[in-house]
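First the structure, in the form of structure tokens, and then the observations on it.
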Amino acid sequence: MDVARLAGVSPATVSFVLNQTAGQTISDETRQRVLQAVAELDYRPNLAAQGLRQGRSATIGFVSHDADFGEFAASAIKGAHEACVRQGSLLLLVNTGGSNSQAAQLIAELLDRQADALIFAAVGTRSVVLPDAARRVPTVLLNCFAPHDPVPAVLPDEVRGGMEATQALLDLGHRDIAYLTGKPSQWATKARLRGFRDALRGAGLDPREHTVLPGNYHADSGYELTRTLLRNGRPPTAIMCGNDRMAVGAVMALLEAGIRVPQDVSVMGYDDQFQLAAEIRPALSTVLLPYPAMGRLAAEQLAGGGATVSSGRTLVHCPLVMRDSTAPPAR
């Protein structure tokens with residue numbers, strides 16, 4: 001009403017201009033008067049009132065089901081936030097601390113605040129128990145899945161990632177490749193190992209003839225497992241590692257033993273961990289975990305009200321990043 005009074009028009013005309021209502025004939029001169037009045041009064045529409053009228057708040061809840069917002073969660077949040085901004089939605093973040101009861105409470109509070117949809121995310125791909133309240137609105141699981149549950153999930157394509165990393169070493173000429181895996185029970189470990197073995201079979205090699213040692217995703221594990229490889233005799237020409245931290249440990253053990261990387265032994269990481277993979281020397285060849293793309297995809301599916309949510313599991317490609325820690329074998 002204040003804008004209408006200053007612009008000399010009706011409140012309905014102000015509404016038509018601000019909402020760009022189709023089918024209304026408003027002159028450019030009138031439109032400019034309204035916009036000038038809006039600017040002079042610093043008027044902003046009441047989004048809460050609009051939400052009540054439209055039945056949606058243009059808000060997506062991002063539920064991080066972990067102890068804290070780590071660097072990988074931050075990457076997913078960044079991708080989701082960018083998609084929300086483009087589509088005129090707001091991303092509201094909460095963290096459960098890994099507690100199922102806290103997750104149920106926080107989801108209920110997000111829904112009390114009229115969140116239109118939810119992204120339920122985890123770091124370290126795993127199965128989760130989705131609180132029942134989440135089923136009241138469109139929900140996408142991000143980097144996690146609910147077994148025997150049709151809730152849509154966006155996951156990294158770890159099998160393909162493991163296969164492409166192995167294939168890159170095969171393409172360089174390596175035929176003696178050891179794999180230092182992460183924790184054997186984890187979903188990503190199993191998927192990456194499957195990709196490793198599939199690539200070997202595709203090259204006509206027997207996976208049973210290649211050393212596989214289980215680790216724990218930490219640098220000390222990569223270091224100790226590499227020392228084990230060296231004690232067992234001649235080292236392989238290439239070492240695949242469960243993640244970049246293990247790869248750093250492997251490089252340390254090799255250099256300590258006087259073995260050059262990559263001239264004598266190539267080392268392949270996984271994750272493309274920020275402020276690590278590209279900054280050590282030699283810089284790690286690795287596989288990028290596509291958390292920004294995954295977060296972006298989840299939010300894009302939900303920002304329009306959830307009408308375009310893909311059912312089942314959507315696998316996102318994990319791109320190969322070749323750097324200085326890999327080279328053709330010396331022998």
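All values derive from a computational prediction rather than experimental measurement. Values reported hereafter were calculated over all heavy atoms of this structure, with side chains retained and with hydrogens, waters and symmetry mates removed.
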Testing the basics here: between [X] and [Y], what is the closest heavy-atom pair and its distance to 0.1 Å?
X: V154; Y: M294; answer: O-CE, 3.6 Å
X: M322; Y: A168; answer: SD-CB, 4.0 Å
X: V17; Y: L35; answer: CG1-CD2, 4.0 Å
X: C84; Y: I60; answer: SG-CD1, 3.8 Å
X: A7; Y: R33; answer: O-NE, 2.9 Å
X: R175; Y: L170; answer: NH1-O, 3.0 Å

TODO: Decide if atom CZ of R231 counts as having more than 12 heavy atoms of other residues, nucleotides or ligands within a radius under 6.0 Å.
DONE: yes

Under 3.5 Å, is there a donor-acceptor pair between the [X] and [Y] side chains?
X: Q36; Y: E40; value: yes
X: T286; Y: D244; value: yes
X: Q32; Y: D28; value: no
X: S99; Y: T96; value: no
X: T326; Y: S285; value: yes
X: H65; Y: N95; value: no

Is the closest basic N to carboxylate O distance between [X] and [Y] below 4.0 Å?
X: R227; Y: E256; value: yes
X: R197; Y: D206; value: no
X: R86; Y: E300; value: yes

Once rounded to the nearest 0.5 Å, what's the spacing between atom [atom1] of [X] and atom [atom2] of [Y]?
X: L93; Y: L106; atom1: CG; atom2: CG; value: 11.5 Å
X: I107; Y: T139; atom1: CD1; atom2: OG1; value: 7.0 Å
X: E82; Y: Q87; atom1: CD; atom2: CD; value: 12.5 Å
X: L90; Y: T59; atom1: CG; atom2: OG1; value: 5.0 Å

- [ ] Not counting sequence neighbours, list each pair that qualifies as a ring pair (Phe, Tyr, Trp, His ring centres under 6.0 Å) and has a residue in residues 255-295.
- [x] F72-Y291

Open item on the list: With a 6.0 Å cut-off on the ring centroids, do Y179 and H210 count as close?
Closed with: no

TODO: Kindly indicate whether the side chain of L155, heavy atoms from C-beta on, has any atom under 4.5 Å from the side chain of T314.
DONE: no

TODO: Would you kindly check if the NZ (Lys) or CZ (Arg) of R245 is within the cone defined by 45 degrees around the ring axis of Y217 and under 6.0 Å from the six-membered ring centre?
DONE: no

